[in-house]
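These notes concern the structure reproduced below.
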Amino acid sequence: MTKKERLFSAMSGADAALLARSEQAESPRLLPMGLVAAACLILALGGYLRLHSPIERPPSPDDPPPAESPETDIPVQTLHLSGGDIGTFYLHQLCYDTSSQCSDFILYVDQKNYCQVTENGVCTIEPLANMGDLPTCSLEISRQPDISLEDAAALAAETLAETYATVSDPQDAAITEGLLVTGSNGTAWDAEQAEVYLVDDRQGGVFILMSRYFLEAAEGHGARFADMISTFGVVTPGEAVPPWLSELRAAGDRLIPALFAGDLSSVADLLAEDAIMDVSLEEGRSVSSIDYTTDSDRNPTRAVISVQNRQLEDSYDYLTIELVYQEGRWLAAWAGLEK
């Protein structure tokens, strides 16, 4: 691959054309912010893990000693959300050493265009395409225990100042909870840029998400990293999950890939009578977030799954799935694309 071809790859990221950043529209909701996406995803994950965890038994004297923890951490669980152009949501576990408390998070990873490696407490997502001698493009996720959000942001700004000519003051992040600090090395096409997102890990520490790219790749890899960061969610241990919420997530895990793949034959049992599934999705769409909302947080009867996505240079739109709870299960009554 020539340098010109590598540059085009960096500029285009996952698509064949530059991606235009656009303001995100509000997704349809049945409740006024009653159940936000990150909270529902976290709760549903907790239920999923409890339902699928193996039953523990007391150790036997004949059992071999436990194996030492490997130096490289790997995702402890892969969620069943794959198919079509959607990719996979991963549950990750980051640990600095065997004595520290581990922290979990979920993240959508564009597997078609990026690879991920978790090592020494840092999860790194990089382009599959060889970047050659172009500046680094990567998304790194790590965790700093025993630090406040404000102190972590101040430390991030201080660290960025050692490498970048211009560093912003900490500000509220627009695409995820927490704070954002940015760094820039100018306006040349290959000037290095950085965005550092700080998110409370709810255990007395902070998750650090650092997106690095060069200016010409801002609407390529930079935009794709932002899409993935917007799906980031902290998984807090020990959260109680009502059965209907786990069931709603399980229904979404099957319906979303089927709709993106354009084949509903595998989800016929999840379609309500006279369901209208008016969806035609072009190839090349990128998922940036999935939002679950219901008409009640106790005994819901209706729910909406809203999948924010975009294709090439188009603005964001939403794959919206409306569900009803009938005879103890969730059924899709309508699906379509909305701006």
Just wondering, do Ile208 and Gln144 contact through their side chains at under 4.5 Å, heavy atoms? yes
Notebook entry, point to check: Is a side-chain donor or acceptor of Gln193 paired with a backbone partner of Ala191 at a separation under 3.5 angstrom?
Noted result: yes
Would you say that Val307 contacts Leu259 through its side chain, given a criterion of any heavy-atom pair below 4.5 Å between the two side chains?
no
Next on the checklist: Please say yes or no: joined through hydrophobic side-chain contacts below 4.5 Å, possibly via intermediate residues, are Leu248 and Val324 part of one cluster?
Outcome noted: no
Val181 side chain near Ser168 side chain, heavy-atom distance below 4.5 Å:
yes
Item to check | Shared hydrophobic cluster, Trp334 / Met277 (ILVMFWY, side-chain heavy atoms < 4.5 Å) | outcome: no
Indicate, with yes or no, if Leu264 and Phe260 share a hydrophobic cluster defined by side-chain heavy-atom contacts under 4.5 Å among Ile, Leu, Val, Met, Phe, Trp and Tyr. yes
Under a 4.5 Å side-chain heavy-atom rule over Ile, Leu, Val, Met, Phe, Trp and Tyr, are Leu331 and Trp244 clustered together? no
Give a yes or no on whether the backbone of Pro127 and the side-chain of Arg224 come within a donor-acceptor separation of less than 3.5 Å. no
Are the charged groups of Glu192 and Arg212 less than 4.0 angstrom apart, N to O?
no
Exactly one candidate in Tyr197, Phe232, Tyr213, Tyr114 meets ring-ring contact (aromatic ring centres under 6.0 Å, His included) with Phe225; the answer is Tyr114
_Quick one, Trp189 and Leu215 - any side-chain contact, counting heavy atoms below 4.5 Å?_
no
Next item on the list: State, yes or no, whether a side-chain contact exists between Leu179 and Asp172 at a heavy-atom distance under 4.5 Å.
Entry: yes
In short, Gly204 meets Asp201 closest at the heavy-atom pair N-OD1, 3.3 Å
Would a distance-only check, ignoring hydrogens and angles, find a side-chain to backbone donor-acceptor pair under 3.5 Å from Asp190 to Phe214? no
Check: Taking side chain as C-beta onward, heavy atoms only, is Tyr108 less than 4.5 Å from Asp227?
Finding: no
Between the CG atom in Leu271 and the CG atom in Leu323, the distance rounded to the nearest 0.5 Å is 10.0 Å
**Item:** More than 12 heavy atoms from other groups under 6.0 Å of CD1 on Ile276
**Value:** no
Would Glu247 and Arg329 count as a salt bridge (charged side-chain N to carboxylate O under 4.0 Å, His left out) if you check the C-alpha gap in whole Å, the side-chain angles of each, and the deciding distance to 0.1 Å?
CA-CA 7 Å; Glu247 293 163 6; Arg329 59 178 180 152; over 6 Å; no
Between the OG1 atom in Thr231 and the CD1 atom in Ile175, the distance rounded to the nearest 0.5 Å is 9.5 Å
Practice item. Kindly indicate whether the side chain of Met131, heavy atoms from C-beta on, has any atom under 4.5 Å from the side chain of His221. Key: yes
Rounded to the nearest 0.5 angstrom, the CG-CG distance for Leu107 and Leu139 is 7.0 Å
The single option from Thr159, Thr182, Leu155, Leu160 that satisfies side chain to side chain contact (heavy atoms under 4.5 Å, CB included) with Val196 is Leu160
Derivation and outcome, side chain to side chain contact (heavy atoms under 4.5 Å, CB included), residues Asp200 and Val234:
CA-CA 8 Å; Asp200 190 340; Val234 178; over 6 Å; no
Q | Any side-chain heavy-atom pair of Tyr325 and Thr294 under 4.5 Å | A | no
Taken to the nearest 0.5 Å, the spacing of Gln116 CD from Ile125 CD1 works out to 6.0 Å
To the nearest 0.5 Å, atom OG1 of Thr166 lies from atom CG of Asn185 at 8.0 Å
dist Ser306:OG -> Leu319:CG (nearest 0.5 Å) comes out at 8.0 Å
